[in-house]
Amino acid sequence: MVLFSEDHIQETKRRGRIEVICGSMFSGKTEELIRRLKRAKFAKQRVEIFKPAIDTRYSDADVVSHDSHSIASTPIDSSASILLFTSEIDVVGIDEAQFFDSGLIDVCNQLANNGVRVIVAGLDMDFRGIPFGPMPGLCAIADEVSKVHAICVKCGQLASFSHRTVKNDKQVLLGETEEYEPLCRECYQQAIRNDLQANGD
Ligand SMILES: Nc1ncnc2c1ncn2[C@@H]1O[C@H](COP(=O)(O)OP(=O)(O)O)[C@@H](O)[C@H]1O
Ligand SMILES: Cc1cn([C@H]2C[C@H](O)[C@@H](COP(=O)(O)O)O2)c(=O)[nH]c1=O
Ligand SMILES: [Zn+2]
């Protein structure tokens, strides 16, 4: 996989495509999304960015990375709203896609079929290691999928899993380093065994 793609033809040719950036928490999904969108803006393309309105962690409106990179966005409640804001647009960016409804898959397809470059970032798995919301469907229809990795906080290997460190069974729980840690497969399995033991299960 080429992570920092500098395929300028793909970046600027006005052809519809779907790019998915996925991985665990802290893997650099938002940074990579912001990087691609800022380059599109430098290329004088018309860019529109969306995030789910429920994601108010760092800012109500902006898309903000864990390292404080940011870009202005439009918070929306439903994927259908994206189509209302995207006439005359060249590039659409979507962050935290895992929180959107399954209609997002069709919305992205429609945009790409109409010539829009769609760049979607989101968690591929929830804290249980289960595919999250529309992300598996988006990976299936994408022209390009970039899987990015955090660093496992236990052993320093590449991390693909987001371990929840607080007791809460709901799939959606907004949070940061107080609530989650990125782990590699081995350390994640160990952490789940420890959680089960601590809860007496
Ligand atoms: N364990 C970690 N591994 C990698 N990056 C980390 C880790 N903990 C914190 N970070 C920070 O998170 C940044 C990535 O943030 P961000 O793009 O918002 O990730 P994501 O959107 O995937 O959660 C990194 O540049 C780094 O500063
Ligand atoms: C694993 C997992 C995460 N979340 C929440 C926690 C954060 O608010 C976001 C992910 O943000 P990031 O930009 O990828 O760091 O999702 C959740 O609600 N449920 C989960 O299982
Ligand atoms: Zn590890």
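Note that ligands are numbered from 1 as they come in the structure, with each ligand's atoms numbered from 1 the same way.
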- Note on the structure: Of all protein heavy atoms, the one nearest atom 17 (O) of ligand 1 is Glu31 N, 2.9 Å
- If you scan protein heavy atoms around atom 11 (C) of ligand 1, the nearest is His66 CB, 4.3 Å
- Query: Which ligand 1 atoms, with their elements, are less than 4.0 angstrom from a heavy-atom of Ser65?
  - Reply: 16 (P), 17 (O), 18 (O)
- Message: Any salt bridge linking Arg36 with Glu32? Criterion: basic side-chain nitrogen under 4.0 Å from a carboxylate oxygen.
- Response: yes
- Message: For a 4.5 angstrom cut-off between non-hydrogen side-chain atoms, does Tyr58 reach Glu176?
- Response: yes
- Message: I need the atoms of ligand 1 closer than 4.0 Å to a non-hydrogen atom of Asp67, numbered in the order shown.
- Response: 25 (O), 27 (O)
- Query: Name the residues in contact with ligand 2, where contact means a heavy atom under 4.0 Å away: which are they?
  - Reply: Met25, Lys29, Arg57, His66, Glu96, Gln98, Phe99, Leu123, Asp126, Phe127, Phe132, Ser162, Arg164, Gln171, Val172, Leu173, Leu174, Gly175, Tyr180
- Message: Any non-hydrogen side-chain atom of Asp95 less than 4.5 Å from a side-chain atom of Ile49?
- Response: no
- Message: So is Ser24 touching ligand 1 or not, going by heavy atoms under 4.0 Å?
- Response: yes
- Query: Out of curiosity, Ile54 CD1 to Leu174 CG, how far, rounded to the nearest 0.5 Å?
  - Reply: 5.5 Å
- Query: Any idea which atoms of ligand 1 are less than 4.0 Å away from a heavy-atom of Ala150?
  - Reply: 3 (N), 4 (C)
- Counting only heavy atoms, which portion of Val153 has something under 4.0 Å from ligand 1: side chain, backbone, both, or neither? side chain
- Message: For Ser73, run the side chain to side chain contact (heavy atoms under 4.5 Å, CB included) check against Ile94, Val63, Val64 and tell me which one passes.
- Response: Val63
- Any donor-acceptor N/O pair, Asp67 side chain to His69 backbone, under 3.5 Å: no
- Message: Treating Asp124 as the side-chain partner and Met135 as the backbone partner, does any N or O pair qualify as donor plus acceptor under 3.5 Å?
- Response: no
- Query: Would you say the side-chain atoms of Lys29 pair up with the backbone N or O of Leu123, donor to acceptor, closer than 3.5 Å?
  - Reply: no
- Message: Just to be sure I read this right, does ligand 1 sit under 4.0 Å from the backbone of Met25, its side chain, both, or neither, counting only heavy atoms?
- Response: backbone
- Note on the structure: Taking only non-hydrogen atoms of Ser27 and a 4.0 Å limit, the atoms of ligand 1 in range are 19 (O), 20 (P), 22 (O)
- Min side-chain heavy-atom separation His163-Asp195 under 4.5 Å: yes
- Interatomic spacing from CZ in Arg117 to CD1 in Ile89 - rounded to 0.5 Å: 14.0 Å
- Task: Could you tell me whether atom 13 (C) of ligand 1 has a protein heavy atom closer than 4.0 Å?
- Result: yes
- Query: Can you tell me which residue and heavy atom of the protein come closest to atom 19 (O) of ligand 1, and the distance to 0.1 Å?
  - Reply: Gly28 N, 3.1 Å
- Regarding Gln110 and Asn114, is there a side-chain donor-to-acceptor distance under 3.5 Å anywhere? no
- How close does the nearest protein non-hydrogen atom get to atom 21 (O) of ligand 1, and which residue and atom is it? Thr30 OG1, 2.8 Å
- Shortest protein heavy-atom distance from atom 1 (N) of ligand 1, along with the residue and atom involved: Ile151 O, 2.9 Å
- Neighbour count above 12 (heavy atom, 6.0 Å) for Arg185 CZ: no
- Item | Opening angle between SG in Cys155 and SG in Cys187, taken at the Zn ion (ligand 3), to 10 degrees | 110°
- Task: Say whether, by atom type as modelled, one donor and one acceptor occur between the side chain of Ser79 and the main chain of Phe100 under 3.5 angstrom.
- Result: no
- Message: Looking only at protein heavy atoms, which one is nearest to atom 9 (C) of ligand 1, and what is the separation?
- Response: Phe26 CD2, 3.8 Å
- Message: Can you tell me which residue among Gln171, Gln98, Arg164 is in a side-chain hydrogen bond (donor to acceptor under 3.5 Å, both in side chains) with Asp126?
- Response: Gln171
- Task: Give the contacting part of Pro182 toward ligand 1: side chain, backbone, both or neither, where contact means a heavy-atom distance below 4.0 Å.
- Result: side chain
